[in-house]
Number of protein chains: 2
Amino acid sequence: MSDLVTRLRRHNWRITPQRRVIAETLEGSHVHFTAEQILERAVERMPELSRATVYNTLNEMVALGEVLELTLDGRSKRYDPNADHEHHHLICEGCGLMKDVHAMADPVDWLPGDERHGFSVTRASITYRGLCPECRTAAAEGAQA
Amino acid sequence: MSDLVTRLRRHNWRITPQRRVIAETLEGSHVHFTAEQILERAVERMPELSRATVYNTLNEMVALGEVLELTLDGRSKRYDPNADHEHHHLICEGCGLMKDVHAMADPVDWLPGDERHGFSVTRASITYRGLCPECRTAAAEGAQA
DNA sequence: ATCTTGTCTTAGACTTAGTCTAAGCTAGGA
DNA sequence: TCCTAGCTTAGACTAAGTCTAAGACAAGAT
Ligand SMILES: [Mn+2]
Ligand SMILES: [Mn+2]
Ligand SMILES: [Zn+2]
Ligand SMILES: [Zn+2]
């Protein structure tokens with residue numbers, strides 16, 4: 001896992017103090033934060049940091065291909081620094097808990113030519129849904145009562 | 001393709017004039033409309049129809065499992081009446097064009113047990129991305145110029 | 001036929017997520 | 001040092017969707 005700041009430096013892109021704090025906030029954790037959560041945490045280290053800079057910076061990192069933008073529900077977007085490792089996501093329909101997962105095959109291979117409508121298909125992402133252990137036991141108890 | 005109104009009637013759910021117009025607007029087409037687009041079109045047939053009713057009704061149809069809610073980008077949700085046919089989506093990164101596609105494998109089968117984090121995984125959807133024929137030729141011409 | 005009750009619909013206020021703008025601030029090059 | 005391009009900021013603005021309170025409607029009871 002080469003760290004995000006290192007990866008960002010490879011592009012000709014100024015690493016300002018604000019951008020560094022945002023990148024480190026995103027990198028340090030391994031969850032999938034919203035822009036607001038990143039702002040909240042980054043502001044602890046740099047209180048004058050603005051919301052606009054967080055949004056601008058995240059959009060730029062996505063455009064550079066170093067951060068993934070996930071829109072798994074209709075709520076806020078989530079940002080994933082793990083862009084250099086192909087992976088998919090498993091989401092709990094009860095509580096929203098999100099896990100990284102790795103499938104055993106590439107879904108692009110499962111799309112026959114006559115289903116491609118003339119597109120050049122470059123990538124595919126899978127969203128798995130289900131119930132996490134806690135939500136499952138909670139549901140079972142609820143049904144019992 | 002059993003029609004949406006028929007499927008909705010199977011649930012004990014009142015089919016009011018408003019709900020019928022919304023369902024028929026959604027069903028008639030085969031694209032993936034936003035709530036605003038549905039409102040726009042439905043209002044042509046029932047001018048007094050309100051935005052709140054469109055949103056309420058779409059949410060109810062989703063809860064009944066008869067309509068799919070798609071959140072493929074961070075913009076508005078899209079509503080898909082084709083909930084009784086398992087399928088996935090192919091999206092053009094240039095223009096947003098969206099096509100229904102059918103994969104040759106079920107992604108759930110390709111998620112090993114040790115990647116399930118104790119979840120009960122019930123379903124999976126694949127989002128394919130690429131460029132549609134028009135956007136591809138547009139991109140090629142742009143590169144040439 | 002009228003009443004009752006719960007459900008449905010409505011306009012518009014409100015919230016949330018995100019973008020835009022205009023001004024000031026830096027940092028690096030001439 | 002001065003210039004300039006790019007970066008950051010506060011706050012206004014927009015878009016998508018939810019909530020609320022009131023009225024309309026519909027089905028069953030009398
Ligand atoms: Mn991830
Ligand atoms: Mn579809
Ligand atoms: Zn859960
Ligand atoms: Zn296209």
Side-chain angles (χ1 to χ4, degrees), chain A residues 5 8-9 11-26 31-64 66-80 96 98, chain B residues 5 8-9 11-26 31-64 66-80 96 98:
Chain A
V5 177
L8 288 167
R9 211 192 304 278
H11 304 267
N12 55 347
W13 191 63
R14 262 166 65 183
I15 310 256
T16 65
Q18 290 86 346
R19 288 172 176 179
R20 170 182 297 280
V21 168
I22 292 165
E24 288 175 356
T25 301
L26 193 49
V31 299
H32 303 84
F33 285 137
T34 65
E36 289 300 323
Q37 291 174 322
I38 292 163
L39 173 60
E40 209 172 275
R41 283 163 174 77
V43 149
E44 289 170 15
R45 290 178 54 191
M46 183 180 274
E48 71 280 18
L49 180 67
S50 75
R51 180 184 320 279
T53 297
V54 171
Y55 277 99
N56 289 343
T57 300
L58 290 171
N59 285 339
E60 286 157 15
M61 295 189 308
V62 170
L64 293 175
E66 298 297 352
V67 166
L68 300 176
E69 186 178 79
L70 309 176
T71 55
L72 302 166
D73 58 6
R75 332 270 312 168
S76 357
K77 293 173 184 170
R78 296 186 169 266
Y79 293 90
D80 186 337
M98 189 185 314
Chain B
V5 177
L8 288 167
R9 212 194 303 279
H11 305 266
N12 56 348
W13 189 65
R14 265 167 62 185
I15 310 258
T16 65
Q18 289 86 345
R19 288 172 177 180
R20 168 181 299 280
V21 168
I22 293 165
E24 287 174 357
T25 301
L26 194 50
V31 297
H32 303 85
F33 285 137
T34 66
E36 289 301 322
Q37 290 173 322
I38 293 163
L39 173 61
E40 210 172 274
R41 283 164 174 77
V43 149
E44 289 170 15
R45 288 178 55 191
M46 183 180 274
E48 72 280 18
L49 179 68
S50 75
R51 180 183 320 278
T53 296
V54 171
Y55 278 98
N56 289 343
T57 300
L58 289 171
N59 285 339
E60 286 157 14
M61 296 190 307
V62 170
L64 292 174
E66 298 298 352
V67 166
L68 299 177
E69 187 179 78
L70 308 177
T71 56
L72 301 166
D73 59 6
R75 333 270 311 167
S76 358
K77 293 172 184 170
R78 296 188 168 263
Y79 293 91
D80 186 338
M98 189 185 315

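All chains are named by letter (A, B, ...) in the order of the sequence lines, taking the proteins before the strands, and each is independently numbered beginning at 1.
Bounding nucleotides for the chain A contact on DNA chain D, 5' to 3', at a heavy-atom distance below 4.0 Å, are D:dC7 to D:dA10.
Residues A:M98 and A:L72 meet the side-chain proximity criterion, which asks for heavy atoms closer than 4.5 Å. Within the 4.5 Å cutoff, the side chain of B:V62 has heavy atoms near those of the B:Y79 side chain.
Residues A:A23 and A:V5 approach most closely at CB-CG2, 3.9 Å, considering heavy atoms.
Close to C:dT9, at under 4.0 Å from its OP1 or OP2, lies a side-chain N or O of B:T16.
Under the side-chain hydrogen bond (donor to acceptor under 3.5 Å, both in side chains) criterion, B:E66 pairs with B:R7, B:H11, not counting sequence neighbours. With sequence neighbours excluded, the residues that form a side chain to side chain contact (heavy atoms under 4.5 Å, CB included) with A:R41 are A:T25, A:F33, A:Q37. With sequence neighbours left out, A:D80 forms a side-chain hydrogen bond (donor to acceptor under 3.5 Å, both in side chains) with A:H32, A:H87, A:H89. Residues meeting the salt bridge (Lys or Arg N to Asp or Glu O under 4.0 Å) test with A:R78, sequence neighbours left out: none. A:D73 pairs by the side chain to side chain contact (heavy atoms under 4.5 Å, CB included) definition with A:R75, not counting sequence neighbours.
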- Counting primed atoms, P, OP1 and OP2 as sugar-phosphate and everything else as base, the B/S/- map of nucleotides 22-30 of chain C against protein heavy atoms under 4.0 Å is -----S---
- Query: Just the dot-bracket of DNA chain C, please: which string comes out with Watson-Crick or G-U pairs under 3.5 Å, [ ] for crossing, | for another strand?
  - Reply: ||||||||||||||||||||||||||||||
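Taken residue by residue, residues 66-80 of chain A places heavy atoms nearer than 4.0 Å to DNA chain C at A:S76, A:K77. Contacts with DNA chain C (heavy atom under 4.0 Å) in residues 46-62 of chain B: B:E48, B:L49, B:S50, B:A52, B:T53, listed by number.
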Donor-acceptor contacts under 3.5 Å from residues 45-52 of chain A side chains, at least two apart:
| residue | atom | partner | partner atom | Å |
| --- | --- | --- | --- | --- |
| A:R45 | NH1 | A:E24 | OE1 | 3.1 |
| A:R45 | NH2 | A:E24 | OE1 | 2.8 |
| A:S50 | OG | A:T53 | N | 3.2 |
| A:S50 | OG | A:T53 | OG1 | 3.1 |
| A:R51 | NH1 | A:E36 | OE1 | 2.7 |
| A:R51 | NH1 | A:E36 | OE2 | 2.6 |

